[in-house]
Trainee: 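Could you have a look at this structure, given as structure tokens, before my questions?
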2 protein chains.
Amino acid sequence: MVRVTITQVAEYAGVSIASASRALNGQIASAETIAKVQHAAATLGYVADATARSLKLGRTHQLAYAVADIGNPVYVEMMTAIERVVSASGYRLVLSSTGTSSSSVDVVRDLGRGYVDGMILSPLRVTDELLAALAKTPTPVVVLGRLPDGTSLDTVRADSVTAMRLVVDHLVAEGRRDIAFVNGPGDTTPGTFRRDGFNTAVTAHPLVSTRSIDADDFTIAAGYAAARRVLDGDRRPDAIVAANDLIGIGAIRAAEDLGLTVPDDIAVTGIDNTELTGVIRPGLTSVDLGADERGRVAAELLLARIAEPSRAAHTVTVAPALVVRGSSLSRARAQGRAPHHETDSTELDEERAAG
Amino acid sequence: MVRVTITQVAEYAGVSIASASRALNGQIASAETIAKVQHAAATLGYVADATARSLKLGRTHQLAYAVADIGNPVYVEMMTAIERVVSASGYRLVLSSTGTSSSSVDVVRDLGRGYVDGMILSPLRVTDELLAALAKTPTPVVVLGRLPDGTSLDTVRADSVTAMRLVVDHLVAEGRRDIAFVNGPGDTTPGTFRRDGFNTAVTAHPLVSTRSIDADDFTIAAGYAAARRVLDGDRRPDAIVAANDLIGIGAIRAAEDLGLTVPDDIAVTGIDNTELTGVIRPGLTSVDLGADERGRVAAELLLARIAEPSRAAHTVTVAPALVVRGSSLSRARAQGRAPHHETDSTELDEERAAG
DNA sequence: TTGAAAGCGCTAACAC
DNA sequence: GTGTTAGCGCTTTCAA
């Protein structure tokens, strides 16, 4: 089919293009004109060209969510939450995956070209270059994740320090005394803050020995490899704190491959509380960082900024909540539960404990 | 930051906007002009407005991937494959999630408005309404999935009949004699063709008794619920064929909750061969429908059609491959393997057998 | 090599 | 209530 323009509609209806436009957009027009124009549009199969309309109006009604790794379910969860808010306000959400193609700097520049009215960014690394690009872009931005103090941007962040404290306190309470932290790449934003959070959390337990290692990625495969390095050593920890659920799952697989039982021989915990935690056995204890809530708030902040561009920058921190499942129970408690009864028929989760 | 236009760049550089445009786009221009304009653009922080450029050029350099349920990892896999091809050709890929917001008809209409140069569609249901919308849209389309015969559109499809035959033959070979098919919603395209495939496949085994049930969704939760209905009955099957991996995982959980052991008491298989199959224990036997390949081919077909709009419609069918893991082995074979040695350190998969 | 000007398709003054 | 016209920001003839 060939594209039909408003000029052809106007011609067909025998009115001016202005009248056609008005009739189509619900502006003031006579009933007769509206009828003629709508009939013409329907017969011709007219759909207004979004590009021309955007150019004229200066708004695209498109918002972008830019994320490095859409393969991680936690970002899908965020996107779903964002989509819900955004589409309710008449915007379309487009996803820009920064992972496979260009760096997030390019993405910011690209989105600054004007095909979106605003963007939500989940950067894995916050470089000076990125901050410069963000400062320069004319497009409203909300950043999901930590930014340097003093940066004047709308931000939504998780509370890594509390998250790690919840996990560490829980493991110590369950009797663990030698905890290994398997982080993602240490130069990423989540990597940095989760490491700092872990280090802070363990100072409260001076008798517990600890160590840290970086996985090459926040993925199952990288978590597996890193956990193998930890577990192959001669001093085997009795608990692994993973920087996210994917790494945690990799760690569980690594432990099993070495003939270890989780949680009897070693406890494992994750972060993000993705759906995966309930898919594996034992269920993976995790900290819910409020992905859904963070996505929702980010979308609301963005809409608010678009409505009022000069408003002050807001920073919202979402509180984490520990969700205990089988992977971190003490030996005694674990034996009190039959593994195959862990599944709850509705949630597929074992239990939830607010943090 | 306020948006800067090419007019301001031209003014700053002391040249006409035509020269500015030429200098910026690598057209013919004197070295001096280029230098002045580039300097001006850099100082002013100019980025060309994509909307205006698109209106002028008639192309957006954007492609869309429209999918109902991005929560299903198989679609993420497809998207990744598409993104790879598309970005190599200088296009941006935007994701339109049709699930949460509007129907796919609305999405097609919306994308027909012109902010994308083409779209790849994974419709869950192919209605007459959708076909009409597809026939009318001026935007090139490639459909992932089955279309009615005679529809003249580029299409990439999986081979459900072969896929189901691979699974059923395998289960029968492993000694299963009472197979329950847990489908997704029967009115969806995958639901229809997987059901038909199953029915065809079992005719080759007249001694095997079978039955079918629809889950409400292609999700873990829906699979769990449907499997419970199957397993709670008095005649318990010795194998469950799930219409996708998520349903299969739900079925494994359901079996475990009833105290059944997989695969000893009951075998379970999935479809799609997503990463999840290697995450759970036992590993889920699944049929790889070639999501990566289908995504790649779809992207190539779309690019080809954009380059040559009048070319004949192509239909490409991608061959499936059975991947056997622990969930479907016969009792004897399963006992030959220690469950915690299933994991391969690189692939996290147990074994792969081409179909 | 450069500048003036047209025009992509649309909406919104503005005058009638 | 309707038509004429300007113009969103850009690229590209067309003359010079």
Side-chain angles (χ1 to χ4, degrees), chain A residues 1-38 40-41 44-62 110-117 137-139, chain B residues 1-38 40-41 44-62 110-117 137-139:
Chain A
M1 294 282 285
V2 71
R3 191 170 289 285
V4 23
T5 71
I6 199 170
T7 310
Q8 300 167 43
V9 173
E11 235 166 58
Y12 189 98
V15 299
S16 71
I17 59 167
S19 291
S21 174
R22 281 189 292 252
L24 256 12
N25 293 308
Q27 304 278 36
I28 188 161
S30 74
E32 193 199 339
T33 304
I34 293 180
K36 279 192 298 186
V37 170
Q38 285 188 340
L44 266 34
Y46 171 75
V47 256
D49 182 76
T51 306
R53 175 181 269 217
S54 295
L55 179 59
K56 179 66 191 173
L57 299 181
R59 288 168 305 123
T60 63
H61 282 285
Q62 263 190 166
D110 211 45
L111 292 173
R113 278 165 151 26
Y115 25 64
V116 295
D117 297 341
T137 189
T139 311
Chain B
M1 294 283 286
V2 72
R3 192 171 288 283
V4 23
T5 71
I6 200 171
T7 310
Q8 300 168 41
V9 172
E11 235 166 56
Y12 189 99
V15 299
S16 71
I17 58 167
S19 293
S21 173
R22 281 188 292 250
L24 256 11
N25 292 309
Q27 305 277 36
I28 188 161
S30 73
E32 193 199 340
T33 304
I34 295 180
K36 279 193 298 186
V37 170
Q38 286 189 339
L44 265 35
Y46 171 76
V47 257
D49 182 76
T51 307
R53 174 180 270 214
S54 295
L55 179 59
K56 181 66 191 170
L57 299 181
R59 288 168 306 124
T60 63
H61 281 285
Q62 267 191 162
D110 212 45
L111 292 173
R113 282 171 133 63
Y115 28 64
V116 295
D117 297 341
T137 189
T139 310

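Labels below follow one simple rule: chain letters A, B, ... track the order of the sequence lines, proteins then strands, and each chain is numbered from 1.
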Trainee: Can you pull out how bent the helix from C:dT1-D:dA16 to C:dC16-D:dG1 is, comparing the axes over its first five and last five pairs, to 10°?
Mentor: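 The helix from C:dT1-D:dA16 to C:dC16-D:dG1 shows an end-to-end axis angle of 50°.
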Trainee: So where does chain B start and stop touching DNA chain C, 5' to 3', when the test is distance under 4.0 Å to a non-hydrogen atom?
Mentor: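 Contact span on the strand: C:dT1 to C:dG9.
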Trainee: If you round to the nearest 0.5 Å, how far is CG of A:Leu44 from OG1 of A:Thr5?
Mentor: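 A:Thr5 OG1 to A:Leu44 CG: 9.0 Å, rounded to 0.5 Å.
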Trainee: Would you mind classifying the nucleic acid contact of A:Ala29 as base, sugar-phosphate or nothing, using non-hydrogen atoms under 4.0 angstrom?
Mentor: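 Sugar-phosphate: the residue A:Ala29, judged by heavy atoms under 4.0 Å, touches backbone atoms but no base.
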Trainee: State whether the side chain of A:Tyr115 and the backbone N or O of A:Asp110 hold a donor-acceptor pair below 3.5 Å, judged by distance alone.
Mentor: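 At least one qualifying donor-acceptor pair exists.
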Trainee: Which pairs count as side chain to side chain donor-acceptor pair (under 3.5 Å) when at least one residue sits in residues 45-55 of chain A, sequence neighbours excluded?
Mentor: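 Applying side chain to side chain donor-acceptor pair (under 3.5 Å) to every pair that reaches into residues 45-55 of chain A, excluding sequence neighbours, yields A:Asn25-A:Arg53.
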Trainee: Nucleotide range of DNA chain D contacted by chain B, 5' to 3', under 4.0 Å to a heavy atom?
Mentor: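 Contacts span D:dG9 to D:dT13, reading 5' to 3'.
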Trainee: List in numerical order all residues of residues 44-62 of chain B for which some heavy atom is under 4.0 Å away from an atom belonging to DNA chain C.
Mentor: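 Hits under 4.0 Å, by residue number: B:Leu55, B:Lys56.
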Trainee: Does the side-chain contact (heavy atoms from CB on, under 4.5 Å) test come out yes or no for A:Val37 and A:Val9, once each step is laid out?
Mentor: CA-CA 7 Å; A:Val37 170; A:Val9 173; 4.1 Å; yes
Trainee: For residues B:Ala13 and B:Ala40, report the shortest heavy-atom separation together with the two atoms involved.
Mentor: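 Where B:Ala13 meets B:Ala40 most closely, the heavy atoms are CB-CB, 3.9 Å.
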Trainee: If you measure from CD on A:Gln27 to CD1 on A:Ile34, what distance do you get to the nearest 0.5 Å?
Mentor: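 Interatomic distance, A:Gln27 CD to A:Ile34 CD1, rounded to 0.5 Å: 10.5 Å.
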Trainee: Can you list every side chain to side chain donor-acceptor pair (under 3.5 Å) pair that touches residues 28-38 of chain A, not counting sequence neighbours?
Mentor: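 Every side chain to side chain donor-acceptor pair (under 3.5 Å) pair that includes a residue of residues 28-38 of chain A, provided the two are not neighbours, is A:Ser30-A:Thr33.
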Trainee: How would you label the contact of A:Thr5 with the nucleic acid (heavy atoms, under 4.0 Å): base, sugar-phosphate, or nothing?
Mentor: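 Here A:Thr5 touches the backbone only, sparing every base.
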Trainee: Side-chain contact, heavy-atom cut-off 4.5 Å: B:Ile6 with B:Ser21?
Mentor: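 SC-SC contact between B:Ile6 and B:Ser21 confirmed.
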Trainee: So, taking the atom named CG in B:Leu111 and the one named CG in B:Asp117, what distance separates them when rounded to the nearest 0.5 Å?
Mentor: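 It comes to 11.5 Å.
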Trainee: Kindly indicate, with the supporting measurements, whether the criterion side-chain contact (heavy atoms from CB on, under 4.5 Å) is fulfilled by B:Thr139 and A:Arg3.
Mentor: CA-CA 9 Å; B:Thr139 310; A:Arg3 191 170 289 285; 3.8 Å; yes
Trainee: Which pair of non-hydrogen atoms, one from B:Ala20 and one from B:Ala10, has the smallest distance, and what is that distance?
Mentor: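 That closest heavy-atom pairing would be CB-CB, 3.9 Å.
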